[in-house]
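Quick notes on the structure that follows.
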Amino acid sequence: MTSLFDPLDLGATRTANRVFMAPLTRMRATAPGDVPNDLMRDYYLQRAGAGLVISEGTQISPEGKGYADTPGIHSAEQVAGWRSITDAVHAAGGLMAAQLWHTGRVGHESLHDGALPVSASALEFRNRTSLKDEDGNVVRANCPTPRALETDELPRLVDDYRRSARNARDAGFDLVEVHAAHGYLLHQFLAEGSNQRTDGYGGSLENRARLLLEVVDAIIDEVGADRVGVRISPIGSFNGLDSDDDGEGGLFVARALAERGIAFVHLSEPDWAGGPSLDDHFRSQLREAFPGVIVGAGNYDLAKAQRLLAAGLVDAAAFGRSFIANPDLPARLEAGLPLNAPVLETFYGGGHEGYTDYPALADA
Ligand code: PHB
């Protein structure tokens with residue numbers, strides 16, 4: 001029987017195990033310029049034992065930034081910063097994916113010189129984002145009603161994604177993951193509640209998925225389908241967005257991605273964010289829609305991951321909070337050893353505390 005500690009053929013790569021590090025916003029990039037730094041390198045290097053390290057969301061453009069001090073992947077300085085991180089992870093025998101992120105309406109005008117965040121439609125919604133005050137403390141702020149993107153801006157947006165994928169390749173990433181989940185821009189187009197467009201990008205599910213698939217096709221053109229993954233979060237409520245379609249949007253996207261032969265679909269299950277638990281019926285529908293590699297995530301523990309792996313419903317599992325607290329998580333899980341508890345107060349912002357100072361067992 002396959003175990004989480006077996007290798008996995010993942011597109012153009014082969015991972016050493018199936019315990020992946022989930023993408024995790026940590027808000028510690030260097031300002032100004034949102035540049036990945038040595039502290040971030042140390043953090044990722046500590047976690048290089050993951051079968052695949054997936055980077056925190058990294059904005060594809062200044063417009064795509066929605067939180068303070070998140071890193072970008074649109075400037076030469078940022079690419080150089082990421083390069084030193086991927087070099088370190090590779091030297092330790094790991095693999096790394098860049099999560100390409102545009103937060104859309106989840107953002108704030110103070111991050112954009114006063115310009116409003118953009119989205120599919122200019123709809124009022126209730127949600128907050130995280131900024132920093134003058135002392136670097138994280139403060140929460142309401143997201144404003146966004147500006148709707150014009151139809152003739154969308155080719156530029158697709159180009160921003162394309163360029164970010166090229167930059168990810170130049171920065172040494174093995175794979176890219178398109179963030180199409182959690183109520184960020186591509187999900188805002190996909191979901192009916194946030195998309196009231198009357199052009200070819202709104203209305204039918206096919207139209208609402210169009211931007212995502214154009215983005216994926218541009219990225220495939222740039223790096224090859226076998227280096228592309230897409231993260232989706234069907235069902236549940238994220239960032240002021242309700243996926244009220246019983247998962248139909250996610251299944252439609254998964255079928256379209258299967259036709260393209262991408263390396264993986266990353267399913268973020270809603271219960272990590274207080275949403276409902278997915279059932280095996282939905283997971284089986286997803287498996288039918290996407291016969292390639294499915295990475296499952298969202299409040300997984302070892303038992304849940306092993307069960308879904310044995311049932312053929314996922315091929316790997318990504319761990320978030322437990323990877324924050326346990327740099328050597330795969331080794332601990334494999335040996336059945338206890339886990340450090342994550343400290344919520346240091347998830348976002350700050351320095352090394354709660355970031356690079358969680359002990360590995362070898363330190364104990
Ligand atoms: C967050 O910063 O809370 C966050 C970021 C990206 C996600 C989900 C949550 O996909």
Side-chain angles (χ1 to χ4, degrees), residues 20-29 34 36 40 43 52-61 64-73 97-108 111 117 119 125-132 137-143 161 164 176-191 194 212 215 229-243 249-250 253 264-275 295-300 317-324 342-350 354-355:
F20 291 5
M21 178 177 168
L24 296 157
T25 296
R26 304 306 305 274
M27 294 174 59
R28 284 164 168 90
D34 303 327
M40 291 168 58
Y43 160 78
L52 178 69
V53 175
I54 305 173
S55 81
E56 62 206 281
T58 182
Q59 55 257 6
I60 62 161
S61 62
K65 178 180 180 181
Y67 300 79
D69 295 350
T70 47
I73 191 154
Q99 199 200 47
L100 305 180
W101 197 26
H102 189 308
T103 63
R105 69 183 188 175
V106 182
H108 197 265
L111 299 169
S119 187
F125 75 118
R126 284 174 64 82
N127 195 51
R128 296 201 293 173
T129 187
S130 298
L131 307 174
K132 285 187 182 172
N137 299 312
V138 174
V139 290
R140 301 282 283 165
N142 291 326
C143 301
Y161 273 100
S164 72
V176 299
E177 173 175 288
V178 178
H179 196 344
H182 298 164
Y184 296 110
L185 182 71
L186 295 171
H187 199 186
Q188 290 157 29
F189 271 77
L190 186 62
S194 46
L212 168 57
V215 163
V230 175
R231 195 170 215 219
I232 57 172
S233 58
I235 305 180
S237 177
F238 299 95
N239 278 314
L241 181 158
D242 286 318
S243 333
V253 166
F264 65 96
V265 164
H266 188 171
L267 170 68
S268 172
E269 302 192 0
D271 49 351
W272 75 269
V295 182
N299 254 354
Y300 278 41
F319 295 83
R321 284 164 281 203
S322 49
F323 237 124
I324 287 180
V343 179
L344 260 76
E345 290 70 28
T346 47
F347 278 6
Y348 300 108
Y355 191 53

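Whatever order the structure lists them in is the order used to number ligands and atoms, beginning at 1. Here the structure is a predicted model, which is why all the values come from computation and not from measurement. Just the heavy atoms: all of them, side chains too, but no hydrogens, waters or symmetry mates, feed the values below.
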Is Q59 reaching over with its side chain to a backbone N or O of T70, donor-acceptor style, under 3.5 angstrom?
-> yes

Going by the order shown, which atoms of ligand 1 are within less than 4.0 Å of some heavy atom of H182?
-> 7 (C), 8 (C), 10 (O)

Does a side-chain N-to-carboxylate-O contact under 4.0 Å join R28 and D69?
-> no

With a 4.0 Å cut-off on heavy atoms, does H179 reach ligand 1?
-> yes

Nearest protein heavy-atom contact for atom 3 (O) of ligand 1: which residue, which atom, what distance?
-> Y348 OH, 3.1 Å

Y184 contact mode with ligand 1 (heavy-atom cut-off under 4.0 Å) = side chain

Given the side-chain rings of Y161 and W101, with only the six-membered ring counted for Trp, is the space between their centroids under 6.0 Å?
-> no

Main-chain N/O of H182 paired to N239 side chain as donor or acceptor, under 3.5 Å = yes

Pick from T25, V106, T103: the one approaching atom 5 (C) of ligand 1 most closely through a non-hydrogen atom = T25

Applying ring-ring contact (aromatic ring centres under 6.0 Å, His included), run through W272 and F319 and close with a yes or a no.
-> CA-CA 11 Å; W272 75 269; F319 295 83; over 10 Å; no

